[in-house]
Amino acid sequence: MSVRVRYAPSPTGSPHVGNLRTAIYDWLFARKEGGKFITRLEDTDRDPARYKPEYIQDIENSLHYLGITPDEWWVSGGPCAPYVQSERLELYQHAAEELIEKGLAYRCYCTEERLKEMRDRQQRQGLPTGYDRRCRYLSKEDHEKYHREGLSSVVRLAVPTEGQTTYHDLVYGDITFENKLIDDQVLLKSNGWPTYHLAVVVDDHHMGITHVIRGEDWMPSTPKQILLYNALGWETPLWVHVPLIVGNDKKKLSKRHGSTQFIEFIREGYLPEALFNFLVLLGWSAGEENVEILRKEEILQRFSLNGITNHPAVFDYDKLKWMNGEYIRSASTERLTELCIPYMAEARLISGLSPTQEERSFLQSIMPLLVERMKVLSEVASLADYFYKPPAEYDEKGGRKWLTGQSAREIVSTILAAITEHNREWTVQAAEEIVNNLAEAMGCSRGPIIHTIRISVTGRTVGPGLFDILAVIGREETMRRLNTALNGIQD
RNA sequence: GGCGCCAUCGUCUAGAGGUUAGGACAACGGGUUUUCAACCCGUAAGCCGGAGUUCAAUUCUCCGUGGCGCUACCA
């Protein structure tokens, strides 16, 4: 049977890097096995506080960005359409009815208050919490009576009260749970919508899912779903739980650790190949080879479920940054230029998202000077601004050191004079020549001259090679900026 | 509380019943450079604890400890 795996996000949040990592595993496994990668929207939670339709766009964008377009999903359809749970409600309701008829599920009329009271009491007494199954043993007459009275009800699974449920996990091995400890799970909510457990089982079955790949936090609910498969008389898929991604405090990754939503990383300027590479490596390793920088194709070649680790992985923002820097440095200037346009436009350094040809080629020409110290694309504007406009202010320490006092005044005016005298072509070599001659004439090393010019022209103490900068900025503008610096020198 | 999972440098990980326990990020030191970055070289840093099995265990088993997850009409 050919492999079918699914990524099943819920539009109750913008997709998390952890979710996307399992989506990547899904995609890799499907590609590796010549199977299908399916994506299904699990939108059965309609609480307006959580459900936000705009997250659907985030899901689509994230998948596209990573280049792992599903073979079947709500965007392009497929043989098992619809791929949105809210459009499949009858399926779940039928399944629930069928279970009630077979006596494997039952209507429960217990109120929210009673359930809460019960839980509180259990907690106080140090007992395991769970539904006490009162409605499971209601007489037929009572059921009919409540039904006539129009009491609102949910449908619960009648979980076996003895025995064990064991399953084989492809990552974790054999896992066993005592049935008597498993709650009579709600299958259908009182509004007629399914809970996750029912919907996921029904859909995975009807969509022919062969491997359920999901986060380790789902392990405790696996036996509940297996019991459901059994009750429905369906064959279970293979289970593949993958370790959690955690923050530096080892707790489930969340906002307080830093960015967690995939689209935040897109916005910050992480390249798709860096994100793909980094995420795959959080919980998977190529084994003995143990290499770090791997392109999608190289990963695909090596990928296997066997390489998935079974312990949580701390999300290391530093390492991601390093990796992104690696990919930035290996990207072509043309591509980088295109990718940086949005950030340049946002900083108003260029006219907009569709810059003129001149703007584009200028950006491209300075890109090589920027790329060495760029870790994320969003840094580009702050790295490049002095190529576009004079410094608004000088670095405080640098200004104090190089642009203060009588000697600074002398140095700047000497430099200015030398540049004024220069009347040949203005190039990187010419700039260097001027500085060399100046150093000789002044009987000092190039250092102080270079530092003084750098701070005057860029406002910074760090950056690309000075002569490259001067060549780009041009003779006139260099002189203008030196003049401004000269006039601003305090004693 | 109950149930489940997990445990190699700070972090991601490789590893085998006998290894100088390997690599990468980060850190630190040095080189290069006009600065920063990049690059090169180097340093430091680890098998949670206790029993058992074995000639030998960090590796296998058990117990402990610790961490995490789940325990909803959320997924």
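Proteins come first, then strands; the chains are lettered A, B, ... in the order of their sequence lines, and each starts at number 1.
Under a cutoff of 6.0 Å and an axis angle of 45°, R136(A) and Y106(A) do not form a cation-pi pair.
With RNA chain B read from its 5' end, the first of the two nearest nucleotides for R446(A) and E178(A) is the one closest to E178(A). Summary of the strand contacts: E432(A) and T176(A) both lie near RNA chain B, and taking for each the nucleotide with the nearest heavy atom, the more 5' one is attributed to T176(A).
Within 4.0 Å of G447(A), counting heavy atoms only, lies no atom of the nucleic acid at all. Within the 4.0 angstrom heavy-atom criterion, no nucleotide atom of any strand lies near P243(A). Within the nucleic acid shown, K375(A) comes within 4.0 Å of sugar-phosphate atoms alone, with no base atom in reach, counting heavy atoms only. In this structure, I175(A) reaches the sugar-phosphate backbone alone: every heavy-atom distance under 4.0 Å involves primed, P, OP1 or OP2 atoms, never a base. Residue G287(A) is classed as a sugar-phosphate contact, given heavy-atom separations below 4.0 Å to backbone atoms only. Residue-level contact check: E288(A) touches the backbone only, with heavy atoms under 4.0 Å from sugar-phosphate atoms and none from bases. If you check every strand for non-hydrogen atoms under 4.0 Å, G283(A) touches sugar and phosphate atoms only. Nucleic acid contact class of S445(A) (heavy atoms, under 4.0 Å, all strands): none. Backbone-only engagement by F177(A) is indicated by non-hydrogen atom pairs under 4.0 Å involving sugar-phosphate atoms exclusively.
Look at CG on D318(A): it is 12 Å from P on C28(B), rounded to the nearest Å. What separates CD1 of I182(A) from P of G2(B) is a distance of 18 Å, to the nearest Å. Between the CG atom of N277(A) and the C1' atom of C25(B) there is a distance of 13 Å, rounded to whole Å. Remark: P of U11(B) and NE2 of H311(A) are 11 Å apart, rounded to the nearest angstrom. Regarding I469(A), its CD1 atom lies at a distance of 14 Å from the P atom of C36(B), rounded to whole Å. To the nearest angstrom, P of U34(B) lies 13 Å from CD1 of I449(A). Distance L279(A) CG to U13(B) P: 12 Å, rounded to the nearest Å. Atom pair F315(A):CZ and A24(B):C1' shows a separation of 16 Å (rounding to whole Å applied).
Which of A14(B), C25(B), C36(B) sits closest to the side chain of S285(A) comes down to A14(B). Checked against U34(B), C6(B), G2(B), the side chain of N310(A) finds its nearest nucleotide in C6(B). Among A37(B), U34(B), U13(B), the nucleotide with an atom closest to any side-chain atom of R373(A) is A37(B).
Qualifying ring-ring contact (aromatic ring centres under 6.0 Å, His included) partners for Y7(A), counting only residues two or more places apart in sequence or in other chains: none. When the side chain to side chain contact (heavy atoms under 4.5 Å, CB included) test is applied to A313(A), the partners found at least two apart in sequence or on another chain are L282(A).
Across all strands shown, C55(B) forms a Watson-Crick or G-U wobble pair with G18(B), both key distances being under 3.5 Å. Across the strands present, G42(B) finds its partner in C28(B); the criterion is a Watson-Crick or G-U wobble pair with both atom distances under 3.5 angstrom. Pairing of C70(B), defined by two Watson-Crick or G-U wobble distances under 3.5 Å, is identified with G2(B). Using Watson-Crick or G-U wobble geometry with both donor-acceptor distances under 3.5 Å, G49(B) finds its partner in C63(B). The partner of C36(B) cannot be assigned: no Watson-Crick or G-U wobble pair with both contacts below 3.5 Å exists in any strand.
For the pair Y55(A)/T12(A), no side-chain contact is recorded, criterion being any heavy-atom separation below 4.5 Å from C-beta on.
Between R481(A) and E477(A), at least one side-chain N (NZ, or NE/NH1/NH2) sits under 4.0 Å from a carboxylate O, which counts as a salt bridge.
Here the separation of U11(B) from A44(B), taken at their C1' atoms, is 16 Å to the nearest Å. Using P as the reference atom, C28(B) and G64(B) are 42 Å apart when rounded to the nearest Å. Comparing the C1' positions of A45(B) and A27(B) gives an interatomic distance of 9 Å, to the nearest angstrom. C9(B) and C70(B) are spaced 31 Å apart, taking the C1' atom of each and rounding to whole Å. G23(B) and G15(B) have their P atoms separated by 15 Å, given to the nearest Å. Taking atom C1' in both A56(B) and G18(B), one finds a spacing of 7 Å when rounded to whole Å. Distance noted for atom C1' between C12(B) and A7(B): 15 Å (whole Å). Atom name P, nucleotides A21(B) and U59(B): the rounded distance is 15 Å, in whole Å.
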Q: Indicate for each nucleotide in nucleotides 65-75 of chain B, in 5' to 3' sequence, whether protein heavy atoms under 4.0 Å reach the base (B), only the sugar-phosphate (S), or nothing (-).
A: --SSBSSSBSB

Q.
Using a 4.0 Å heavy-atom cut-off to protein, can you give one letter per nucleotide of nucleotides 39-46 of chain B, 5' to 3': B if the base is in contact, S if only the sugar-phosphate is, - if neither?
A. S-------

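The aromatic rings of H422(A) and W426(A) stand perpendicular to each other, their planes meeting at an angle above 60°, with 30° marking the opposite boundary.
Put simply, the side chain of D183(A) gets close to the backbone of Y131(A): a donor and an acceptor are under 3.5 Å apart.
Note: Y109(A) and H147(A) fail the aromatic proximity criterion, with ring centroids not under 6.0 Å apart. Checked against a 6.0 Å centroid threshold, the rings of Y172(A) and Y167(A) do not count as neighbours.
Side chain E292(A) to base G23(B): a donor-acceptor pair is found below 3.5 Å. Between the side chain of R454(A) and the base of U34(B), at least one donor-acceptor pair of N or O atoms lies under 3.5 Å.
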Q. Side chain to side chain donor-acceptor pair (under 3.5 Å) between T166(A) and D174(A): does it pass, once the steps are laid out?
A. CA-CA 7 Å; T166(A) 296; D174(A) 291 331; over 6 Å; no

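Rounding to the nearest 0.5 angstrom, the gap separating the CD atom in E273(A) from the CD1 atom in I293(A) is 10.0 Å.
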Could you tabulate the donor-acceptor pairs under 3.5 Å formed by side-chain atoms of residues 120-129 of chain A, not counting sequence neighbours?
unit_1	atom_1	unit_2	atom_2	d
D120(A)	OD2	K116(A)	NZ	3.2
Q122(A)	OE1	G130(A)	N	3.1
Q122(A)	NE2	G130(A)	O	2.8

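Annotation: salt bridge (Lys or Arg N to Asp or Glu O under 4.0 Å) contacts involving residues 306-318 of chain A, sequence neighbours excluded, are absent.
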